2 protein chains.
Amino acid sequence: MPLEQVELPRSRLAAPASLAEFCSTELYDRASHSYGKAYRDVVRAFRGRFDHTPDVVAFPRDEAEVEAVIDWCADARAAAIPVGGGTSVVGGIEASVGDGYEGAVAIDLKRLDRVLEVDPVSRAARIQAGATGPSLEGQLRRHGLTLRHFPQSFELSTLGGWIATRAGGHFATLYTHIDDLVESVRAVTPAGLWESRRLPGSGAGPSPDRLLLGSEGTLGVITEAWVRVQSRPTYKSSAGVPFADFAGGAEAVRALSQSALYPTNCRLLDPAEAALTGASDGAALLVLGFESADHPVDSWMERALELCRDHGGRGGTKADRGPAGDRVSDSSRDAVGTWRQAFLRAPYLRDIFVAAGVISDTFETAITWDRFPAFHATVMAVAQEAVKDICGGGRVTCRFTHVYPDGPAPYFTVLAPARRGAELEQWDAIKRTAADAVIAAGGTITHHHAVGRDHRPWYDRQRPEPFARALAAAKAAVDPRGVLNPGVLIDPGSKLTAP
Amino acid sequence: MPLEQVELPRSRLAAPASLAEFCSTELYDRASHSYGKAYRDVVRAFRGRFDHTPDVVAFPRDEAEVEAVIDWCADARAAAIPVGGGTSVVGGIEASVGDGYEGAVAIDLKRLDRVLEVDPVSRAARIQAGATGPSLEGQLRRHGLTLRHFPQSFELSTLGGWIATRAGGHFATLYTHIDDLVESVRAVTPAGLWESRRLPGSGAGPSPDRLLLGSEGTLGVITEAWVRVQSRPTYKSSAGVPFADFAGGAEAVRALSQSALYPTNCRLLDPAEAALTGASDGAALLVLGFESADHPVDSWMERALELCRDHGGRGGTKADRGPAGDRVSDSSRDAVGTWRQAFLRAPYLRDIFVAAGVISDTFETAITWDRFPAFHATVMAVAQEAVKDICGGGRVTCRFTHVYPDGPAPYFTVLAPARRGAELEQWDAIKRTAADAVIAAGGTITHHHAVGRDHRPWYDRQRPEPFARALAAAKAAVDPRGVLNPGVLIDPGSKLTAP
């Protein structure tokens with residue numbers, strides 16, 4: 001629907017004069033901060049349906065302005081919702097905050113987008129929370145450095161968003177969640193500034209950073225962080241290894257994950273998914289890669305391919321790049337490159353799917369290796385049954401996005417024909433069924449998409465009950481009026497007290 | 001002082017009949033659970049001085065008995081202090097709990113010492129919290145597996161203690177804190193059982209495990225955990241590389257830590273420390289090692305030695321072991337072996353030092369590479385000045401125990417002549433001075449020794465204030481009567497409420 005036809009409820013809040021300069025109640029700003037990028041978000045926006053809209057969108061230019069907005073929200077009994085790139089697929093920024101608030105304010109951090117300091121000796125950088133992937137990589141490139149954190153949302157999403165949601169990145173093994181790349185975090189809370197020391201490691205009590213990581217805006221607004229960066233890789237080797245089936249490929253990946261070779265890329269696509277990306281035909285495909293800024297990676301790749309062969313890998317194709325970046329040898333005929341392009345393009349297809357009447361959804365989890373075969377069989381069967389029942393057909397595919405010595409992170413993609421007008425109900429029903437199956441079979445409701453509002457029912461079943469109490473109490477201590485992103489992780493308003 | 005001459009205050013508590021079978025008020029049990037293994041602990045025990053003693057020592061045989069003890073403590077308004085191996089060097093188990101309690105109960109978990117389940121597919125094991133290093137390694141060995149977590153206290157300390165204190169282990173790089181080896185944790189809290197799911201990775205909210213890790217008994221009594229184990233290494237290569245001085249060696253270690261080669265061992269000893277262990281003469285010594293259960297590590301070691309040479313390393317000596325465990329080649333003349341023996345023997349020398357009138361202390365921290373040279377110079381100067389002023393002389397040495405891409409974990413050893421009768425005051429003064437210097441220069445008050453009661457003043461300066469509030473609130477939520485290890489991390493009694 002064209003923007004001029006969109007009708008939003010009148011804004012219930014007016015920013016005080018001192019904040020007016022960086023606060024907006026414009027239609028475009030409010031509409032564009034209503035939703036994330038989930039299928040249900042795209043469908044609703046497409047139809048011009050705005051269930052929840054922030055009353056004001058603030059664009060603070062520095063930390064003092066972030067503090068001022070939070071203070072105002074507390075006084076006005078408004079919910080404050082921090083927004084990074086707005087790419088949440090779990091309702092993380094939707095102003096569905098219950099009845100306990102006089103309105104909602106989206107705090108868009110995009111103006112805090114600078115790399116403030118670079119420490120080439122420790123290979124670390126102090127970066128503002130609103131910097132997007134391309135922006136921070138561009139600024140780091142001048143120093144020959146890179147964060148190498150490339151979630152699928154990379155072009156739009158921000159450092160602060162990655163930290164708040166424990167984003168998973170580029171690396172398929174080893175340091176992959178942003179959790180491991182964070183050296184210290186700085187956040188504004190209603191109880192004051194929360195800033196940890198820059199430390200390579202510490203054993204002083206429970207980690208303060210690890211409580212902010214994954215807090216999804218409920219404990220504070222992250223304004224900047226010191227992150228671990230690295231030299232740009234000069235040696236690269238990649239390979240595509242076909243396997244007769246997904247189960248055989250999974251066994252090879254298990255061996256790789258337990259080999260301590262730490263491949264940079266180790267993504268296993270099932271036959272349907274491999275075919276979908278045009279990267280293979282009829283076989284499961286392992287996309288394997290090593291990279292280094294320090295040394296040739298031949299020994300690593302050789303041993304990895306040996307492990308693949310030992311587990312039924314069919315030879316495979318390989319491409320190497322030397323320090324000059326030129327292609328040393330190449331027999332891969334672009335299977336790997338094709339997959340990479342498809343991976344990066346995927347999120348942008350969602351709009352097209354919606355327009356074409358195709359329900360598309362992804363859900364992702366993690367499970368230990370011992371339970372993986374049964375888990376995969378059950379979840380695939382349940383999801384396939386669900387799309388058949390609900391949509392009369394469709395396809396469910398699976399790949400590994402990340403792997404650990406003790407288990408993989410399987411990522412499922414659902415594509416099914418939509419019934420016009422019933423898409424949201426259909427999507428909800430599929431999502432519910434899949435999430436129930438994941439939780440019942442012992443998985444996590446999310447490996448790197450976060451909890452938001454959409455995953456709450458399953459998150460509540462998953463987390464230890466005393467931890468839920470501890471987290472709610474921790475929030476009440478730093479946000480006594482319950483201003484920050486109510487409804488995410490913790491029930492909204494349950495801790496609201498009169499000013 | 002012989003045990004029969006020790007006099008302790010009468011026990012203020014009597015366990016109810018239902019718990020009597022596994023509770024003791026015996027002199028030996030109470031005396032031996034009064035202190036950890038810090039210098040000041042050994043001196044006091046040596047002199048027969050017991051400042052704080054638990055009134056009862058419980059030896060629960062299962063989780064139900066742990067729960068029963070905690071319930072009893074809550075009813076009796078007694079402090080409950082979980083004890084693993086009792087090797088705390090920071091007053092972590094000393095019953096110095098303030099005036100708000102009717103007494104103190106030490107909960108010794110040594111009877112929960114079994115490996116309950118082994119999952120060879122995911123390479124994980126479910127182990128009870130009271131299992132010591134040798135006990136759990138012995139049980140894992142039958143399955144060809146190992147946890148490979150070897151803190152210096154290995155022979156006495158326990159899995160539960162490691163988790164509660166975020167112990168640092170065997171590996172000098174990569175997965176080294178027990179934090180990274182934990183797949184899920186189970187703990188008894190006054191608010192019920194806190195048990196996380198077994199997951200290789202998750203992004204569902206802040207990690208529940210990471211809040212228990214480092215909680216030092218304040219949030220719950222850890223009863224068991226699933227941990228990541230691995231195959232026993234078959235390929236090993238080690239080398240001792242001398243450097244003209246510590247600063248030169250540190251530059252080589254920085255290059256190694258940023259190379260993504262991930263040496264298993266990468267300990268740099270300064271010249272005085274190298275001489276002290278008999279492993280070198282006049283030079284700084286880098287003890288370097290690689291190991292693998294999957295592949296020969298020659299490529300790794302070759303590149304590492306190249307990096308050492310590039311940074312002034314003097315050739316060095318090397319020993320390799322092949323899959324059969326036999327020595328393939330050896331030119332190391334035992335520099336590495338000598339260091340390893342000295343490392344493992346060190347804690348047991350403390351008793352001898354005390355008897356011989358030598359003050360011995362270690363303090364450890366972490367700092368980013370950019371600040372390391374100035375940090376090292378300042379802390380060494382301050383500590384050397386302190387031992388001169390306080391003891392009339394003595395020596396301060398330094399080594400790296402762990403290194404990260406963004407910085408090392410320096411470990412300082414102090415040896416100085418004691419003035420008989422004044423040892424504790426001398427030790428306190430040195431400790432205070434060193435800790436002040438570490439915190440002022442930007443380090444952490446502890447990299448792997450924990451906070452306990454002894455590090456509280458500096459920990460309080462180090463942690464973000466809103467986090468301190470959040471942690472106190474989290475504790476109050478799961479331990480509303482403030483029973484669990486009061487005084488550690490959080491002020492004792494401040495949250496005590498009448499039953």
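Quick note: numbers below take in every heavy atom, side chains included, and nothing from hydrogens, waters or symmetry partners. Residue numbers start from 1 in every chain, and the chains themselves are labelled A, B, ... in the order their sequence lines are given, proteins ahead of strands. Just so we're clear, the structure is a prediction, and the values are computed from it rather than from any experiment.
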query = Got more than 12 heavy atoms from elsewhere within 6.0 Å of CZ, A:R210?
reply = yes

ask   = So, does B:R166 use its side chain to make a donor-acceptor pair with the main chain of A:P206 at under 3.5 Å?
value = no

message = With rounding to the nearest 0.5 angstrom, report the CZ to OG distance, A:F467 to B:S207.
response = 7.0 Å

query = Which region of A:R469, side chain (C-beta onward) or backbone (N, CA, C, O), has a non-hydrogen atom less than 4.5 Å from a non-hydrogen atom of chain B, or is it both or neither?
reply = both

query = With a 4.5 angstrom heavy-atom cut-off, which part of A:I445 approaches chain B: side chain, backbone, both or neither?
reply = side chain

message = When you measure from the side chain of A:R254 to the backbone of B:V121, do you find a donor-acceptor pair of N or O atoms at a distance under 3.5 Å?
response = yes

ask   = For A:P190, is it the side chain, the backbone, both or neither that has a heavy atom under 4.5 Å from a heavy atom of chain B?
value = neither

ask   = Of the backbone (N, CA, C, O) and the side chain (C-beta and beyond), which part of A:L489 lies under 4.5 Å from a heavy atom of chain B, both, or neither?
value = side chain

request  = Can you tell which part of A:A191 gets under 4.5 Å to a heavy atom of chain B, answering side chain, backbone, both or neither?
outcome  = both

inquiry  = So, taking the atom named CG in A:D294 and the one named CD in B:E306, what distance separates them when rounded to the nearest 0.5 Å?
reply    = 8.5 Å

ask   = Quick one: what part of A:A293 sits under 4.5 Å from any heavy atom of chain B, side chain, backbone, both or neither?
value = neither

Region of A:H447 that comes under 4.5 Å of a non-hydrogen atom in chain B = both

query = Is chain A contacted by the side chain of B:L219, its backbone, both, or neither, given a heavy-atom distance below 4.5 Å?
reply = neither

query = Can you tell me how far CZ of A:R228 sits from CD of B:Q258, rounded to the nearest 0.5 angstrom?
reply = 11.5 Å

inquiry  = Which atoms of A:T165 are under 4.5 Å from chain B, going by heavy atoms: the side chain, the backbone, both sets, or neither?
reply    = backbone

query = Side chain, backbone, both or neither: which part of A:S202 has a non-hydrogen atom closer than 4.5 Å to chain B?
reply = both

query = Do B:S122 side-chain atoms and A:D370 backbone N/O form a donor-acceptor pair below 3.5 Å?
reply = yes

remark   = The interface call for A:P296 against chain B, heavy-atom contacts under 4.5 Å, is neither

query = Measuring heavy-atom distances to chain B, does A:L193 have an atom under 4.5 Å in its side chain, in its backbone, in both, or in neither?
reply = backbone

task = Could you tell me whether a side-chain N or O of B:R123 sits under 3.5 Å from a main-chain N or O of A:P405, the two making a donor and an acceptor?
result = no

ask   = How long is the span from the CZ atom in A:R198 to the CG atom in B:D406, to the nearest 0.5 Å?
value = 7.5 Å

ask   = A:Y262 versus chain B, heavy atoms under 4.5 Å apart: side chain, backbone, both or neither?
value = side chain

inquiry  = Going by side-chain contact (heavy atoms from CB on, under 4.5 Å), A:R197 matches just one of B:T368, B:T444, B:I439. Which one?
reply    = B:I439

